[in-house]
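Following: one structure in structure tokens, then a few remarks.
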Amino acid sequence: MIDASNAIRCADDAAIAAAAEALREGDLVAFPTETVYGLGADATNERAVARIFEAKGRPHFNPLIVHVPGLAEAERIAVLDDRAHRLARRFWPGALTLVLPRRDDAGLSKLVSAGLDTVAVRVPAHPLAEKLLTAVGRPIAAPSANRSGAVSPTRAVHVAGSLPSPEAGGPAIILDSGPCAIGLESTVVDLSGADAALLRPGGIAVEEIEAEIGALAGGGDDDTAPKSPGMMSRHYAPATPLRLDAAAAGPGEALVGFGPTAPADAAANLSPTGDLLEAAANLFEILHRLDAEAHASIAVMPVPYEGLGLAINDRLERAARR
Ligand code: TXA
Ligand code: MG
């Protein structure tokens, strides 16, 4: 099987129940929204979120949108201010994603925010997506359900043609409910700072959003801010300097190992068995923990440049360069 066509299921109640169960078990499920098909994973399961990057073949970790069935569930994972409430009342459910401060007690994966202290939240306006999210009872991370660099899928067959089969790390189930109504990703607005900013134009017009909360940086009349889609997302970097390709820890350094050959007294090991999926799932957790311990520096042993190792190395290199 070269693609995921064998995973397509007509989205009846039995398929939705099976998909909810698969998500709770940490598997991937592709599902329709009103914008595009999403590749979903349990946003509270670090390993499940790492699977998304593996299946998409993304060479870097960017933060993902977390989908919830309604405002109440959004409030459980993020902090909504007045602006957020105004936009949520007007556009949710719908093609608007809000970047908001994360709640510490939400149990969200760190990888889902790529280590940032914010989270992107959306309530999709699709009856099937809503049913699925309600059935799972957990927030679901979902980027568009295509290989990295390919066009976003608006039909189940696009998903199947783009992603690997279930056996090869692709979605266990692709819920088919026909073409997406909008066919374009959601508009992403950053409300985590004092000035609201447009991060990605999309399914809801910027003018409509500005009519609710005023001018957006990067929006309509603002030619100073960058407008490229997704390019404004900040990157998490630890305050502690990072040294890569380390063979051993120097004085005052915390050693981060990878694989079975790492010293047993290393401060952390991304994956003792050398499993890149596990390493991706542990990466931000380990960086945050060691950063808080205030070492002189963090020394990281080599991670292979293959599969998820590309995204792991990209992240480490950015953190080291800074
Ligand atoms: O329509 C959509 O939004 C689709 C469907 C499946 O819901 N989803 C989607 O997700 O396009 P994704 O993960 O591919 O889009 C994420 C966008 C990127 O531009 C990313 O940089 C931005 O949202 N983003 C996510 N979390 C962020 C954060 N914490 N801070 C800044 N930008 C963030
Ligand atoms: Mg995409």
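Heads up: numbering here begins at 1 and tracks the sequence. Just so you know, ligand 1 is whichever comes first in the structure, and atom 1 is the first atom listed for that ligand. Keep in mind it's a predicted model, so treat the numbers as computed, not measured.
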When you look for heavy atoms under 4.0 Å from ligand 1, do you find them on the side chain of [X], its backbone, both, or neither?
| X | result |
| --- | --- |
| L199 | side chain |
| E185 | both |
| E34 | neither |
| S186 | both |
| T35 | side chain |

Could you give all pairs that pass the ring-ring contact (aromatic ring centres under 6.0 Å, His included) test and reach residues 37-58, with sequence neighbours left out?
F53-F61
Those atoms of ligand 1 less than 4.0 Å from some heavy atom in [X]:
| X | answer |
| --- | --- |
| H67 | 5 (C), 6 (C), 7 (O) |
| R58 | 14 (O) |
| T118 | 28 (C), 29 (N), 30 (N) |
| A142 | 6 (C), 8 (N), 9 (C), 10 (O) |

Say whether V99 and ligand 1 are in contact under the criterion: heavy-atom distance to a ligand atom below 4.0 Å.
yes
In H126, H67, R122, the residue satisfying side-chain hydrogen bond (donor to acceptor under 3.5 Å, both in side chains) with T33 is R122
Are any of the N/O atoms in [X] less than 3.5 Å from those in ligand 1?
| X | value |
| --- | --- |
| N62 | no |
| T33 | no |
| Y37 | no |

State plainly whether the residues [X] and [Y] are in salt-bridge range, i.e. N to O under 4.0 Å.
| X | Y | value |
| --- | --- | --- |
| R24 | E21 | yes |
| D275 | R47 | yes |
| R103 | D105 | no |

Specify the closest pair of heavy atoms between A30 and P171, including all atoms of both residues, with the distance to one decimal.
N-CB, 3.9 Å
How many N, O or S atoms of the protein are nearer than 2.8 Å to the Mg ion (ligand 2)?
1
Could you list the residues that satisfy side-chain hydrogen bond (donor to acceptor under 3.5 Å, both in side chains) with R9, not counting sequence neighbours?
none
Using side-chain hydrogen bond (donor to acceptor under 3.5 Å, both in side chains) as the criterion, list what pairs up with E278, not counting sequence neighbours.
S271
Closest to atom 14 (O) of ligand 1 among P63, P143, G38, A129 (heavy-atom distance)
P143
Is it true that R102 and S113 share a donor-acceptor pair across their side chains at a distance under 3.5 Å?
yes
Between R200 and T97, a side-chain donor and acceptor under 3.5 Å
no
Backbone of G38 reached by a side-chain donor or acceptor of S144 within 3.5 Å:
no
Answer yes or no: is there a donor N or O on one side and an acceptor on the other, between the side chain of D291 and the main chain of T240, under 3.5 Å?
yes
According to the interplanar angle, ranging from 0 to 90°, do the rings of Y236 and F284 count as parallel (below 30°), tilted (30 to 60°) or perpendicular (above 60°)?
perpendicular
